[in-house]
Each structure stands twice: as C-alpha cells, then as structure tokens.
Protein chains: 2
Amino acid sequence: MRRSYGQYCGLARALDVVGDRWNLLIVRQLLMGPARYRELQDGLPGVATNLLTDRLRDLETAGVIGRRLAEEGNAIAYALTPWGAELREPVEGLIRWSTPLMTRGPGGDHFRAEWLVLPLSALLTGKPAANRSWTVGIAVDGVLVQVRTTRSGTEVSPHDGRDLDAVIRADAAIVLGLAAGVLNLDDTRALVDIEGDESALRAVFNPPTRS
Amino acid sequence: MRRSYGQYCGLARALDVVGDRWNLLIVRQLLMGPARYRELQDGLPGVATNLLTDRLRDLETAGVIGRRLAEEGNAIAYALTPWGAELREPVEGLIRWSTPLMTRGPGGDHFRAEWLVLPLSALLTGKPAANRSWTVGIAVDGVLVQVRTTRSGTEVSPHDGRDLDAVIRADAAIVLGLAAGVLNLDDTRALVDIEGDESALRAVFNPPTRS
DNA sequence: CCGCATCCTCATGGATACTG
DNA sequence: CAGTATCCATGAGGATGCGG
C-alpha cells in the first residue's frame with residue numbers, strides 16, 4: 001500500500017484503499033464479473049505483472065476483493081466482496097463526470113468494447129423509463145452490448161443471445177454521446193447504422209417525454 | 001500529470017485527470033469553497049509545497065479549477081470550475097463507501113472538524129425529510145457544524161450563527177456512526193452531550209418513519 | 001500455458017531549504 | 001505569502017525467470 005494520507009477523513013481513507021494506481025481499474029474489471037489473473041492482465045493494457053500482483057494482494061487485504069477457485073479447473077478467480085461491489089456508485093459517478101473527456105473520441109488510446117458496459121449503465125440508468133420494455137443491441141468494434149429497458153429500470157450487459165428489437169452500429173464516442181444526451185439520433189443519422197425498430201433506440205437514448 | 005493509462009474508458013480518463021495523489025483531496029478542500037494557497041496547505045497536512053503547486057497547475061490545465069484574484073488584497077484564490085464542482089457526486093460516493101473505515105475511529109490520524117461537512121452532507125442527504133424544519137449543531141473538537149433539515153432536503157455547513165434547536169457534542173466517529181445509521185441516539189447516550197430539543201436531533205439522525 | 005517472483009532502470013513523490 | 005530548487009527515497013514499468 002502506498003503511504004497513507006494519515007487523515008481522519010472519509011475521502012482520504014477511501015483513497016488509502018483504492019487510490020493507488022490501477023486499483024480502481026481493477027475494480028472496474030471485476031464489476032463486470034469475476035476474472036482470472038490473465039483476464040485482468042488482458043483488460044488492463046500496460047499494467048506490469050508485479051504491480052497487478054501487488055495490487056490484488058492489497059485489495060484482498062483491505063477486504064475489497066477475494067480469491068476463490070475458478071469454476072473450471074483449479075485456477076484462481078478474483079471477485080469483489082460485497083463491500084467492494086459498493087464501489088459501483090462512486091465509479092459510475094466518475095464515469096459520468098468524465099463524459100466531456102470521452103466525447104472527444106478515442107485518439108490513440110486502447111479500446112475494448114466491454115468497457116462500454118459500465119459507462120452505458122452509468123449514463124442510461126435513471127433516465128425516465130419507457131412505457132414498454134425494449135431490448136436493443138449496441139455494436140461497437142464488432143462487439144455487441146445489450147441494453148434492456150423496462151418500466152423498473154435499465155440494465156446493460158454483454159449480449160446474451162436474446163432477441164433484439166433493434167441494433168445500432170456506431171463509433172464508441174457516438175454511442176457515449178447519445179447515451180449522455182449530448183447527441184441525438186437525428187443529428188447523427190449519417191454516422192450510425194441502424195437495423196430493426198428505430199423507435200426502440202429512441203426509447204433507450206431519447207427519453208420519450210422530454211417537454 | 002502522471003503517465004496516462006492510455007485507455008478510451010471513462011474511468012481511466014477521469015483518473016488521468018484526478019487520479020494523481022492529492023488531487024481529489026485538493027478538490028475536497030475546494031468543495032467547501034474557494035481557498036488560497038496557504039489555506040490549502042493547512043487543510044492538507046503532509047503535502048509538499050512543490051507537489052501542491054504541481055497539482056494546482058495540473059488541475060488548472062485540465063479545467064477542474066481556476067485561479068482568480070482573492071476578495072482581499074491582490075492574492076490568488078483557487079476555486080472549482082463548474083465541471084470541477086461536479087466531482088461532488090463521485091467524491092460523496094467515495095465518502096459513503098468509506099464509512100466502515102471511519103467508524104473504527106481516528107487512530108493517530110490528523111483531524112479537522114471542517115472535514116465533517118462533506119461526509120455529513122453525503123450521509124444525511126437523501127434521508128427522509130422531517131415533517132418540519134430543524135436546525136441542529138454538531139460540536140466536535142470545539143468546532144460547530146450546522147445541519148438544517150427542511151421538507152425539501154438537508155444541508156450541512158459550518159455554523160453561521162443562527163439559532164439552533166439543539167446541539168450534540170461527541171467524537172467524530174460517533175457523529176459519523178449516527179449519520180450513517182449504524183449507531184442511534186439511544187445506544188450512544190453515555191457518549192454524547194446533548195443540549196436543547198432532543199427531538200430535533202432524532203429528526204436529523206433517526207428518520208421519523210422507519211417502519 | 002498460467003500465476004506469479006525477481007531484477008533493473010528511471011520517473012515520481014516527499015522533505016527541506018531557499019527566494020521574489 | 002506563494003511558490004522554486006534541490007536532493008534523496010520510493011514506486012512504476014519493462015524484461016525475464018520459474019515452478020506447477
């Protein structure tokens with residue numbers, strides 16, 4: 001663990017635990033589900049193996065993650081503890097805050113379509129619910145993410161094979177702009193490829209009752 | 001700025017901006033209002049002057065804070081930009097997450113009563129509103145923080161001199177436990193000193209309709 | 001292969017002294 | 001008061017080794 005701030009302040013103590021470099025990105029990966037060491041390394045381009053090991057130990061000691069035997073074979077899987085899973089709220093808060101940084105586009109940065117699951121969840125949750133259920137697919141870089149809106153809320157996940165009312169194919173920045181509400185479908189018509197029932201996409205991205 | 005993660009991911013880009021050591025603690029200080037260099041240094045025990053200067057420059061370049069002339073004299077004051085002020089949400093999320101780390105008590109850590117304003121705001125906001133307005137004082141280490149509940153919400157600030165319906169004097173850990181709902185007034189009777197209308201304190205700490 | 005541990009280099013952080 | 005300058009300790013990042 002990096003040197004403690006030594007302050008009796010909630011933010012300082014939270015950062016003593018998850019403020020070290022890579023820690024919150026490890027949590028991001030595990031918020032999408034348990035993962036093995038190799039999967040974490042793949043999802044965190046640039047992390048050194050010694051750092052990843054160190055951070056996993058630190059987070060385990062602090063009670064944020066746990067190690068257990070993976071489903072298949074006798075390998076190790078890492079997963080969030082219940083307390084660790086509660087980091088979803090501040091992590092999604094930071095993701096919402098980062099919207100101005102994301103709508104600039106990816107530049108030369110690494111990108112994995114799986115990284116869209118959390119931002120879409122953070123941005124779409126809390127929007128007014130549609131008057132019926134819709135399941136739409138968002139295709140970025142050949143990866144299909146699924147958004148399901150019901151009257152009780154919105155959930156985002158990798159595509160599980162179920163029927164989709166519509167699919168939109170676009171760049172990540174466009175998708176995030178649509179989800180954040182800084183872009184709308186009409187303005188981006190030339191930049192997106194739509195199949196299926198377009199009203200489903202409107203229900204997801206443009207809340208039905210705006211006025 | 002520390003080396004970028006180089007990931008087109010909202011969390012990674014947010015951390016590229018505010019993930020460096022001390023950055024979020026500087027934001028914490030500025031969430032309580034604009035401050036001068038000296039005040040920041042005082043509120044961040046242990047920070048080296050070169051680091052504070054570096055971080056202030058980084059945050060200014062990124063658009064999180066701004067410099068302007070202070071009210072008095074020709075000194076410089078630092079303040080959050082509108083975008084920087086939006087960090088309140090993720091910061092309060094981290095503070096709420098840190099509750100288990102805080103109820104252990106301060107240990108040997110530095111403590112300033114002003115640091116209670118944000119946690120109390122994060123923990124008390126969103127609790128069911130009382131059926132009338134109350135203004136209570138919370139005295140820790142001789143510093144008086146004021147909590148005002150109205151039907152429209154709860155606001156926390158340093159005491160501004162107005163009349164208080166009640167005052168509670170206790171250790172910081174007790175106060176945070178009460179605000180987080182892991183302690184209640186009846187269990188901590190021996191550890192707190194109460195003046196004034198106790199029902200005002202119950203309205204603030206123990207939501208009126210629990211069942 | 002997977003899951004690390006070790007070694008090495010260099011950038012960064014921290015403490016202190018100093019200056020316009 | 002509001003920072004610079006300097007020095008040293010620490011941590012990050014990359015390469016490689018190695019047991020199961």
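Lettering of chains follows the sequences in order, A, B, ..., and the numbering in each one begins at 1.
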Residues at least two apart in sequence or cross-chain that pass side chain to side chain contact (heavy atoms under 4.5 Å, CB included) with A:R96, listed by chain then number, are A:E92, A:A122, A:L123, B:E89

Rounded to whole Å, CZ of A:R3 lies from C1' of C:dT12 at a distance of 15 Å

Starting at atom CD of B:E60, determine the distance to atom C1' of D:dA2, rounded to an integer number of angstrom. 14 Å

Is it true that A:R55 and A:D58 have a side-chain N and a carboxylate O under 4.0 angstrom from each other? yes

Output the rounded distance in Å from CG (B:D20) to P (C:dA11). 16 Å

Between D:dG13, C:dG3, C:dA17, which nucleotide has the shortest distance from any of its atoms to the side chain of A:L51? D:dG13

Between C1' on C:dG3 and CD on A:Q41, what's the gap in Å once rounded to a whole number? 9 Å

Looking at D:dG14, does its base get a donor-acceptor pair with the side chain of A:N50 below 3.5 Å? yes

Could you tell me the separation between the CG atom of A:D42 and the P atom of C:dC1, rounded to a whole number of Å? 13 Å

For A:D54 and for B:G46, locate the closest nucleotide of DNA chain C by heavy-atom distance; then report the residue assigned to the nucleotide nearer the 5' terminus. A:D54

How many whole angstroms separate atom CZ of B:R55 from atom P of D:dT4? 14 Å

Going from CD on B:E195 to CG on B:L164, what distance comes out if it is rounded to the nearest 0.5 angstrom? 10.0 Å

Parallel, tilted or perpendicular: which one describes the rings of B:W22 and A:Y5, with boundaries at 30° and 60°? perpendicular

Whole Å only: how far is the CG atom of B:L56 from the P atom of C:dG13? 14 Å

How would you label the contact of A:T53 with the nucleic acid (heavy atoms, under 4.0 Å): base, sugar-phosphate, or nothing? sugar-phosphate

Length of the line joining A:R21:CZ and C:dA11:P, which is rounded to integer Å: 15 Å

In this structure, are over 12 heavy atoms from other groups packed under 6.0 Å from A:R169 atom CZ? no

Can you find a side chain N or O atom of B:Y5 that sits less than 4.0 Å from OP1 or OP2 on D:dA12? no

Compare the minimum distances between each of C:dG14, D:dG14, D:dA15 and the side chain of A:A48, then state the nucleotide with the smallest one. D:dG14

